[in-house]
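Below is one structure, written out as structure tokens, with a few remarks after it.
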Amino acid sequence: MSSAPRPVVLSGIQPSGRLTLGNYLGAIKNWVPLSATHDCHYMLVDLHAITVRQDPAVLRDRCLEFISLYIACGLDPSRNVLFVQSHVAAHARLSWILNCYTQMGELGRMTQFKDKSSKHVDNINAGLFDYPVLMAADILLYNATGVPVGDDQKQHLELTRDIAIRFNRAHGTPEHPVFTVPEPMIPPVGARIMGLQEPTAKMSKSGGAETDALYLLDPPDTITRKIKRAVTDPGNEVRFDVLEKPGVSNLMAILSATTGESFDRIVERFDGQGYGKLKGAVAEAVVECLRPVQARYAELRADEDGLMRVLREGAQRASRVADTTLMRVHQALGFIPE
Ligand code: TRP
């Protein structure tokens, strides 16, 4: 019996900074159940990371740390293709081709490029400008139908769709498009985790103040201290209102995502109790949520041979799909088959 092909999901995180509770609750945790219904590919985008200078020893260590955390957070390597972008040569190869189907003006309009080039004025390299084209290659190589990303990546996804549609028009037919046009999968507002000190901006894994983010590997007392110092809002009423009460709403989002409690139930439970009680409950919930993740991480990270095996196998599985797409593209372009 032949079964219908499953929808394909692909996402990636840059191995820079440190993974936060926001990466876990807003992304990785939601990726875990997808493997029941989708073909899932999750990578570490090391080629993207070097658009900003990285210390080689730190980068290497971080890739192993992040891949251990992917697995510790529940991404089973036998149910998900876990890999490092630089291990699959097709990413760089397709990215060159897609460069020739992307306009300078389109890339110049990307808000992330504008942001990053104003932050790194001494290193506005061509890779930083070209970053979204490599991201388009990442996505299109796997025929991804859905791409789970944060709100900040929506513009890059739009560009990916434009490039795919343009290439299909030039080289495909409506019955046989070269690329699958992907859809973004963006978590709803209540599921987004914001900074503890700046609750109007997302919890950032690099660049923010140390106390703004809860890192997945923070010890319990650090977590508790950071949550106790989190910015709240005037008044003392616990209710979900992102505009009027961004700090309290963020604490509620964290509590809801870690315990499964609804916002209504949280409001009821903390009625008349003030922010202190809420913070205590949030701290406890986060510590309990991260305890098993940290324990599993320690085991996984200690077994470097095991991690290398996961990455090698992931790269082989990813390459099979990616190379097939790349050869289809070569053929569409009239390149002589290899
Ligand atoms: N640009 C993404 C980010 O900064 C990371 C990324 C690279 C990505 N390639 C991707 C995300 C492909 C989804 C799919 O968050």
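Start at 1 and go down the list; that is how both ligands and their atoms are numbered. Keep in mind that what you see is a predicted model, and the values were worked out from it rather than measured. Throughout, residue positions are numbered sequentially from 1 according to the sequence presented.
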Between the side chains of [Y] and [X], is the shortest nitrogen-to-carboxylate-oxygen separation below 4.0 Å, so that they form an ion pair?
X	Y	result
Glu288	Arg291	yes
Lys205	Glu65	no
Arg225	Glu210	no

Inset, instruction - Please indicate whether any nitrogen or oxygen in His156 is less than 3.5 Å from any nitrogen or oxygen in ligand 1. - result: no

Legend entry - For atom 5 (C) of ligand 1, the protein heavy atom that lies nearest, with its residue and separation: Gly12 O, 3.6 Å

Legend entry - Nearest-contact summary for atom 4 (O) of ligand 1 - protein heavy atom, Å: Tyr131 OH, 3.0 Å

Inset, instruction - Only heavy atoms count here, so choose which of Gln153, His91, His48, His41 is nearest to atom 2 (C) of ligand 1. - result: Gln153

Legend entry - Option with minimal heavy-atom separation from atom 10 (C) of ligand 1, where the choices are Asp138, Leu134, Leu140, Ile139: Asp138

Give the atoms of ligand 1, by number and element, whose distance to some non-hydrogen atom of [X] is under 4.0 Å.
X	result
Val147	13 (C), 14 (C)
Ser11	13 (C), 14 (C)
Leu10	12 (C), 14 (C)
Val149	11 (C), 13 (C)
Val45	7 (C), 9 (N)

Legend entry - Per-residue contact class, Gln85 against ligand 1 - non-hydrogen pairs under 4.0 Å: neither

Inset, instruction - Mind checking whether Asp152 contacts ligand 1 via backbone (N, CA, C, O), side chain (CB onward), both or neither, at a 4.0 Å heavy-atom cut-off? - result: neither

Please find the pair of heavy atoms, one from [X] and one from [Y], that lie closest to each other, and give the distance.
X	Y	value
Leu278	Leu251	CD2-CB, 4.0 Å
Asp218	Ile223	O-CD1, 3.5 Å
Ala90	Ala322	CB-CB, 3.8 Å

Legend entry - Modelled atom types, side-chain donor and acceptor of Asp221 and Thr224, under 3.5 Å: no

Inset, instruction - Compute the ring centroids of Tyr215 and Tyr297, then answer whether they are less than 6.0 Å apart. - result: no

